[in-house]
Amino acid sequence: MNPKIEDFNHFKFTPSVWIVPTLMMLMNWFIFYLDNLFHLNLDEHGIYPRTLSGFQGVLFSPFLHGDLNHIASNTVPLFILTTALIYFYRYVSLKVLVYGILFSGIITWVIGRESYHIGASSLIYVLVSFIFFKGIQTHYYRLVALSLSVILVYGGLVWYVFPKVDETISWEGHLAGLITGFVLALYYKTPEYKKVIKYDWEHPDFNPMEDKFMQRFDENGNFVNLPEIEPDEEIQSNYFSNFPIDYTIVESEKNESKPEL
(Lines give C-alpha, C1' and ligand atoms only; values in the text may rest on other atoms or scores of the structure.)
Protein backbone atom coordinates (compact mmCIF):
# COMPACT_ATOMS: atom_id res chain seq x y z
CA MET A 1 0.00 0.00 0.00
CA ASN A 2 1.42 3.35 -1.03
CA PRO A 3 1.54 6.01 1.70
CA LYS A 4 -0.40 9.18 1.09
CA ILE A 5 1.46 12.33 0.28
CA GLU A 6 -0.34 14.12 3.14
CA ASP A 7 1.41 11.81 5.60
CA PHE A 8 4.78 12.92 4.30
CA ASN A 9 4.30 16.64 3.99
CA HIS A 10 6.79 16.15 1.16
CA PHE A 11 10.14 16.03 3.02
CA LYS A 12 10.34 16.63 6.73
CA PHE A 13 13.46 17.04 8.84
CA THR A 14 13.21 14.88 11.96
CA PRO A 15 15.83 13.97 14.61
CA SER A 16 16.29 10.55 13.00
CA VAL A 17 17.76 12.25 9.93
CA TRP A 18 20.98 12.96 11.81
CA ILE A 19 20.75 10.62 14.80
CA VAL A 20 20.83 7.35 12.85
CA PRO A 21 23.81 8.29 10.62
CA THR A 22 25.67 9.62 13.66
CA LEU A 23 25.09 6.42 15.64
CA MET A 24 26.25 4.31 12.71
CA MET A 25 29.39 6.43 12.36
CA LEU A 26 30.17 6.26 16.09
CA MET A 27 29.59 2.52 16.17
CA ASN A 28 32.03 1.97 13.31
CA TRP A 29 34.73 4.08 14.93
CA PHE A 30 34.16 2.59 18.38
CA ILE A 31 34.55 -0.98 17.10
CA PHE A 32 37.60 0.04 15.08
CA TYR A 33 39.12 1.64 18.18
CA LEU A 34 38.53 -1.43 20.36
CA ASP A 35 39.86 -3.72 17.66
CA ASN A 36 43.13 -1.82 17.36
CA LEU A 37 43.48 -1.11 21.08
CA PHE A 38 43.11 -4.71 22.26
CA HIS A 39 44.22 -6.45 19.02
CA LEU A 40 40.98 -8.41 18.79
CA ASN A 41 41.44 -9.36 15.12
CA LEU A 42 37.77 -8.77 14.39
CA ASP A 43 38.46 -9.18 10.68
CA GLU A 44 37.90 -12.90 11.21
CA HIS A 45 34.23 -12.13 11.88
CA GLY A 46 33.78 -10.77 8.38
CA ILE A 47 32.21 -12.58 5.44
CA TYR A 48 34.14 -15.67 4.40
CA PRO A 49 32.29 -16.99 1.33
CA ARG A 50 30.60 -20.38 1.32
CA THR A 51 31.54 -21.33 4.86
CA LEU A 52 29.19 -21.65 7.81
CA SER A 53 31.45 -19.70 10.16
CA GLY A 54 31.92 -17.02 7.53
CA PHE A 55 28.17 -16.45 7.24
CA GLN A 56 28.21 -14.44 10.48
CA GLY A 57 29.94 -11.69 8.54
CA VAL A 58 26.66 -10.92 6.78
CA LEU A 59 25.69 -9.03 9.95
CA PHE A 60 29.10 -7.95 11.24
CA SER A 61 31.10 -7.02 8.13
CA PRO A 62 29.64 -3.48 7.60
CA PHE A 63 31.02 -2.51 11.04
CA LEU A 64 34.52 -3.94 10.57
CA HIS A 65 37.42 -2.16 8.88
CA GLY A 66 40.98 -3.16 8.22
CA ASP A 67 42.90 0.08 8.77
CA LEU A 68 42.51 3.81 9.33
CA ASN A 69 42.39 4.64 5.63
CA HIS A 70 39.65 2.05 5.11
CA ILE A 71 37.31 3.39 7.77
CA ALA A 72 38.06 7.03 6.94
CA SER A 73 37.18 6.56 3.28
CA ASN A 74 33.85 4.96 4.22
CA THR A 75 32.77 7.32 7.01
CA VAL A 76 31.85 10.44 5.04
CA PRO A 77 29.90 8.81 2.18
CA LEU A 78 28.08 6.51 4.60
CA PHE A 79 27.01 9.47 6.75
CA ILE A 80 25.91 11.62 3.78
CA LEU A 81 24.04 8.87 1.95
CA THR A 82 22.28 7.59 5.09
CA THR A 83 21.18 11.13 5.90
CA ALA A 84 19.82 11.59 2.36
CA LEU A 85 18.04 8.24 2.52
CA ILE A 86 16.24 9.03 5.79
CA TYR A 87 15.32 12.57 4.78
CA PHE A 88 13.98 11.81 1.30
CA TYR A 89 12.77 8.23 1.82
CA ARG A 90 12.11 7.97 5.54
CA TYR A 91 9.11 5.68 5.08
CA VAL A 92 11.34 2.90 3.66
CA SER A 93 14.73 4.00 5.01
CA LEU A 94 14.94 1.44 7.84
CA LYS A 95 13.96 -1.39 5.51
CA VAL A 96 16.54 -0.32 2.95
CA LEU A 97 19.28 -0.23 5.59
CA VAL A 98 18.42 -3.59 7.17
CA TYR A 99 17.68 -5.53 4.00
CA GLY A 100 20.52 -3.77 2.22
CA ILE A 101 22.99 -5.15 4.77
CA LEU A 102 21.45 -8.64 4.73
CA PHE A 103 21.03 -9.18 0.99
CA SER A 104 24.29 -7.57 -0.07
CA GLY A 105 26.05 -9.71 2.54
CA ILE A 106 24.38 -12.90 1.37
CA ILE A 107 25.24 -12.20 -2.28
CA THR A 108 28.85 -11.51 -1.28
CA TRP A 109 28.91 -14.77 0.69
CA VAL A 110 27.75 -16.62 -2.43
CA ILE A 111 29.95 -15.03 -5.13
CA GLY A 112 32.95 -13.78 -3.15
CA ARG A 113 36.55 -14.94 -3.29
CA GLU A 114 37.91 -17.11 -0.50
CA SER A 115 38.95 -14.21 1.69
CA TYR A 116 37.50 -12.11 4.48
CA HIS A 117 35.21 -9.37 3.14
CA ILE A 118 34.75 -6.47 5.56
CA GLY A 119 33.77 -2.81 5.47
CA ALA A 120 30.72 -0.58 4.99
CA SER A 121 31.43 -0.11 1.28
CA SER A 122 28.81 -2.72 0.30
CA LEU A 123 26.17 -0.71 2.19
CA ILE A 124 27.42 2.47 0.52
CA TYR A 125 26.82 0.86 -2.87
CA VAL A 126 23.34 -0.16 -1.73
CA LEU A 127 22.54 3.47 -0.86
CA VAL A 128 24.03 4.92 -4.04
CA SER A 129 22.14 2.42 -6.17
CA PHE A 130 18.82 2.82 -4.34
CA ILE A 131 18.87 6.63 -4.28
CA PHE A 132 19.82 6.87 -7.95
CA PHE A 133 17.35 4.36 -9.40
CA LYS A 134 14.47 5.32 -7.11
CA GLY A 135 14.87 9.02 -7.86
CA ILE A 136 14.80 8.39 -11.62
CA GLN A 137 11.79 6.13 -11.18
CA THR A 138 9.70 8.71 -9.29
CA HIS A 139 10.11 11.42 -11.99
CA TYR A 140 9.85 13.97 -9.18
CA TYR A 141 12.19 16.86 -9.87
CA ARG A 142 13.76 17.00 -6.39
CA LEU A 143 14.49 13.29 -6.28
CA VAL A 144 15.78 13.29 -9.85
CA ALA A 145 18.11 16.14 -8.87
CA LEU A 146 19.24 14.07 -5.88
CA SER A 147 19.94 11.11 -8.16
CA LEU A 148 22.02 13.22 -10.50
CA SER A 149 23.92 14.72 -7.56
CA VAL A 150 24.73 11.26 -6.23
CA ILE A 151 26.01 10.14 -9.62
CA LEU A 152 28.00 13.34 -10.00
CA VAL A 153 29.73 12.81 -6.63
CA TYR A 154 29.92 9.02 -6.41
CA GLY A 155 29.57 7.94 -10.03
CA GLY A 156 33.22 6.89 -10.12
CA LEU A 157 32.41 4.07 -7.71
CA VAL A 158 30.89 2.06 -10.57
CA TRP A 159 34.36 1.05 -11.76
CA TYR A 160 34.98 -0.84 -8.53
CA VAL A 161 32.24 -3.38 -9.19
CA PHE A 162 34.48 -5.02 -11.82
CA PRO A 163 37.17 -7.56 -11.00
CA LYS A 164 40.91 -6.82 -11.29
CA VAL A 165 40.42 -3.04 -11.05
CA ASP A 166 41.89 -3.18 -7.55
CA GLU A 167 42.84 -6.54 -6.06
CA THR A 168 42.84 -5.11 -2.53
CA ILE A 169 39.11 -4.31 -2.49
CA SER A 170 36.04 -6.53 -2.44
CA TRP A 171 34.53 -5.88 -5.85
CA GLU A 172 32.10 -8.71 -5.03
CA GLY A 173 30.75 -6.73 -2.10
CA HIS A 174 30.41 -3.63 -4.25
CA LEU A 175 28.59 -5.53 -6.98
CA ALA A 176 26.32 -7.15 -4.40
CA GLY A 177 25.46 -3.72 -2.98
CA LEU A 178 24.73 -2.31 -6.42
CA ILE A 179 22.39 -5.18 -7.28
CA THR A 180 20.66 -5.04 -3.89
CA GLY A 181 20.03 -1.30 -4.10
CA PHE A 182 18.57 -1.66 -7.60
CA VAL A 183 16.21 -4.46 -6.54
CA LEU A 184 15.06 -2.55 -3.45
CA ALA A 185 14.39 0.55 -5.58
CA LEU A 186 12.09 -1.51 -7.79
CA TYR A 187 10.40 -3.31 -4.91
CA TYR A 188 9.58 -0.50 -2.49
CA LYS A 189 6.98 2.03 -3.53
CA THR A 190 7.06 5.71 -2.72
CA PRO A 191 4.19 8.23 -2.72
CA GLU A 192 3.25 10.24 -5.76
CA TYR A 193 5.02 13.51 -5.12
CA LYS A 194 2.38 15.78 -6.61
CA LYS A 195 0.82 18.95 -5.30
CA VAL A 196 -2.38 18.15 -3.45
CA ILE A 197 -5.43 19.79 -5.03
CA LYS A 198 -7.21 22.04 -2.54
CA TYR A 199 -10.74 23.11 -3.41
CA ASP A 200 -12.19 26.52 -2.61
CA TRP A 201 -14.37 25.16 0.19
CA GLU A 202 -11.28 23.70 1.91
CA HIS A 203 -9.67 27.10 2.42
CA PRO A 204 -10.17 28.71 5.87
CA ASP A 205 -11.40 31.99 4.35
CA PHE A 206 -14.14 30.29 2.32
CA ASN A 207 -17.45 32.21 2.41
CA PRO A 208 -20.42 30.07 1.32
CA MET A 209 -22.58 33.18 0.79
CA GLU A 210 -20.32 34.22 -2.09
CA ASP A 211 -20.16 30.80 -3.70
CA LYS A 212 -22.40 30.42 -6.76
CA PHE A 213 -23.20 26.80 -6.01
CA MET A 214 -24.02 27.34 -2.33
CA GLN A 215 -26.35 30.19 -3.27
CA ARG A 216 -28.69 27.62 -4.82
CA PHE A 217 -29.58 26.31 -1.33
CA ASP A 218 -31.56 27.99 1.40
CA GLU A 219 -30.79 27.88 5.12
CA ASN A 220 -32.60 24.51 5.39
CA GLY A 221 -30.54 22.95 2.63
CA ASN A 222 -33.36 23.01 0.07
CA PHE A 223 -32.52 23.66 -3.55
CA VAL A 224 -33.85 26.99 -4.79
CA ASN A 225 -33.64 28.92 -8.01
CA LEU A 226 -31.65 32.09 -8.18
CA PRO A 227 -33.68 35.30 -8.40
CA GLU A 228 -34.40 36.40 -11.94
CA ILE A 229 -32.18 39.16 -13.17
CA GLU A 230 -34.16 42.12 -14.53
CA PRO A 231 -33.13 43.09 -18.05
CA ASP A 232 -31.35 46.37 -18.45
CA GLU A 233 -33.37 49.31 -19.79
CA GLU A 234 -33.20 49.78 -23.53
CA ILE A 235 -30.52 52.21 -24.40
CA GLN A 236 -31.98 55.25 -26.20
CA SER A 237 -30.28 56.60 -29.25
CA ASN A 238 -28.51 59.92 -28.87
CA TYR A 239 -29.91 61.02 -32.26
CA PHE A 240 -33.61 61.90 -32.38
CA SER A 241 -35.94 64.42 -34.06
CA ASN A 242 -39.52 65.62 -33.63
CA PHE A 243 -39.98 66.13 -37.39
CA PRO A 244 -40.70 63.30 -39.81
CA ILE A 245 -37.93 62.60 -42.25
CA ASP A 246 -38.65 61.25 -45.76
CA TYR A 247 -35.97 59.80 -47.95
CA THR A 248 -36.16 59.84 -51.78
CA ILE A 249 -33.82 57.83 -53.95
CA VAL A 250 -32.63 59.83 -56.97
CA GLU A 251 -30.64 58.27 -59.76
CA SER A 252 -27.32 59.94 -60.10
CA GLU A 253 -26.32 61.26 -63.51
CA LYS A 254 -22.69 61.94 -63.87
CA ASN A 255 -21.63 64.80 -66.15
CA GLU A 256 -19.05 62.83 -68.04
CA SER A 257 -18.14 62.97 -71.71
CA LYS A 258 -18.73 59.86 -73.68
CA PRO A 259 -15.83 58.33 -75.52
CA GLU A 260 -15.67 59.03 -79.26
CA LEU A 261 -16.05 56.13 -81.65
Side-chain angles (χ1 to χ4, degrees), residues 1-37 40 42 45-46 56-66 68-105 118-135 138 140 142-154 157 173-174 176-178 180-181 183-185 187-191 193:
M1 180 179 179
N2 289 355
K4 296 181 179 179
I5 189 64
E6 294 88 341
D7 299 334
F8 282 76
N9 193 20
H10 289 284
F11 309 113
K12 187 177 180 180
F13 188 87
T14 60
S16 61
V17 172
W18 64 270
I19 290 178
V20 174
T22 302
L23 289 178
M24 293 180 65
M25 180 182 65
L26 293 177
M27 183 182 297
N28 275 279
W29 279 94
F30 181 68
I31 294 175
F32 177 77
Y33 174 75
L34 292 179
D35 186 20
N36 284 269
L37 181 64
L40 301 176
L42 296 179
H45 295 280
Q56 64 178 330
V58 171
L59 295 177
F60 299 144
S61 62
F63 307 100
L64 305 176
H65 295 84
L68 184 60
N69 182 61
H70 189 198
I71 189 173
S73 62
N74 284 341
T75 297
V76 175
L78 182 63
F79 182 86
I80 294 175
L81 293 170
T82 305
T83 300
L85 174 72
I86 298 175
Y87 180 75
F88 290 99
Y89 300 100
R90 69 178 181 271
Y91 182 75
V92 298
S93 60
L94 181 60
K95 299 176 183 177
V96 171
L97 289 173
V98 173
Y99 291 125
I101 292 174
L102 292 178
F103 293 143
S104 64
I118 59 174
S121 56
S122 60
L123 180 58
I124 291 174
Y125 275 79
V126 171
L127 298 177
V128 169
S129 179
F130 178 85
I131 292 174
F132 172 73
F133 289 111
K134 177 53 69 178
T138 60
Y140 184 62
R142 289 188 178 181
L143 298 181
V144 171
L146 176 65
S147 298
L148 298 179
S149 299
V150 167
I151 289 300
L152 181 64
V153 178
Y154 299 108
L157 296 177
H174 299 169
L178 185 68
T180 301
V183 173
L184 292 177
Y187 181 77
Y188 287 116
K189 304 300 181 182
T190 53
Y193 293 96

Non-hydrogen side-chain atoms of Leu59 and Leu102 separated by less than 4.5 Å:
yes
Phe79 side chain near Thr22 side chain, heavy-atom distance below 4.5 Å:
yes
Using atom types as modelled and distance alone, determine if a side-chain donor or acceptor of Asn28 lies under 3.5 Å from a backbone N or O of Met24.
yes
So, does Ser104 use its side chain to make a donor-acceptor pair with the main chain of Gly100 at under 3.5 Å?
yes
Derivation and outcome, side-chain contact (heavy atoms from CB on, under 4.5 Å), residues Phe130 and Val92
CA-CA 11 Å; Phe130 178 85; Val92 298; 4.0 Å; yes
Go through the structure and list residues passing side-chain hydrogen bond (donor to acceptor under 3.5 Å, both in side chains) with [X], not counting sequence neighbours.
| X | value |
| --- | --- |
| Trp18 | none |
| Ser121 | His174 |
| Thr75 | Trp29 |
| Ser16 | Thr14 |

Distance in Å, [X] [atom1] paired with [Y] [atom2], rounded so as to fall on 0.5 Å steps:
| X | Y | atom1 | atom2 | result |
| --- | --- | --- | --- | --- |
| His45 | Ile31 | NE2 | CD1 | 11.0 Å |
| Phe60 | Leu42 | CZ | CG | 10.0 Å |
| Phe30 | Leu37 | CZ | CG | 10.0 Å |
| Thr190 | Tyr140 | OG1 | OH | 11.5 Å |
| Leu178 | Phe133 | CG | CZ | 6.0 Å |
| Tyr89 | Ile131 | OH | CD1 | 7.0 Å |

Looking at every heavy atom in both [X] and [Y], which two are closest together, and how far apart are they?
| X | Y | answer |
| --- | --- | --- |
| Phe32 | Leu68 | CZ-N, 3.5 Å |
| Phe132 | Ser147 | O-OG, 3.0 Å |
| Ser61 | Gly46 | CB-CA, 4.4 Å |
| Lys12 | Arg90 | N-NH1, 3.3 Å |
| Lys134 | Lys189 | NZ-CA, 4.4 Å |
| Ser93 | Leu85 | O-CD2, 3.7 Å |

Using side-chain contact (heavy atoms from CB on, under 4.5 Å), reason through Leu94 and Ile86 one step at a time and then give a plain yes or no.
CA-CA 8 Å; Leu94 181 60; Ile86 298 175; over 6 Å; no
Got a sec, which residues hit side-chain contact (heavy atoms from CB on, under 4.5 Å) with Ile124, two or more places apart in sequence or on another chain?
Asn74, Pro77, Leu78, Leu81, Val128, Leu157
Quick one: side-chain contact (heavy atoms from CB on, under 4.5 Å) partners of Val76, sequence neighbours excluded?
Ile80
Do other residues, nucleotides or ligands put more than 12 heavy atoms under 6.0 Å from the OH atom of Tyr99?
no
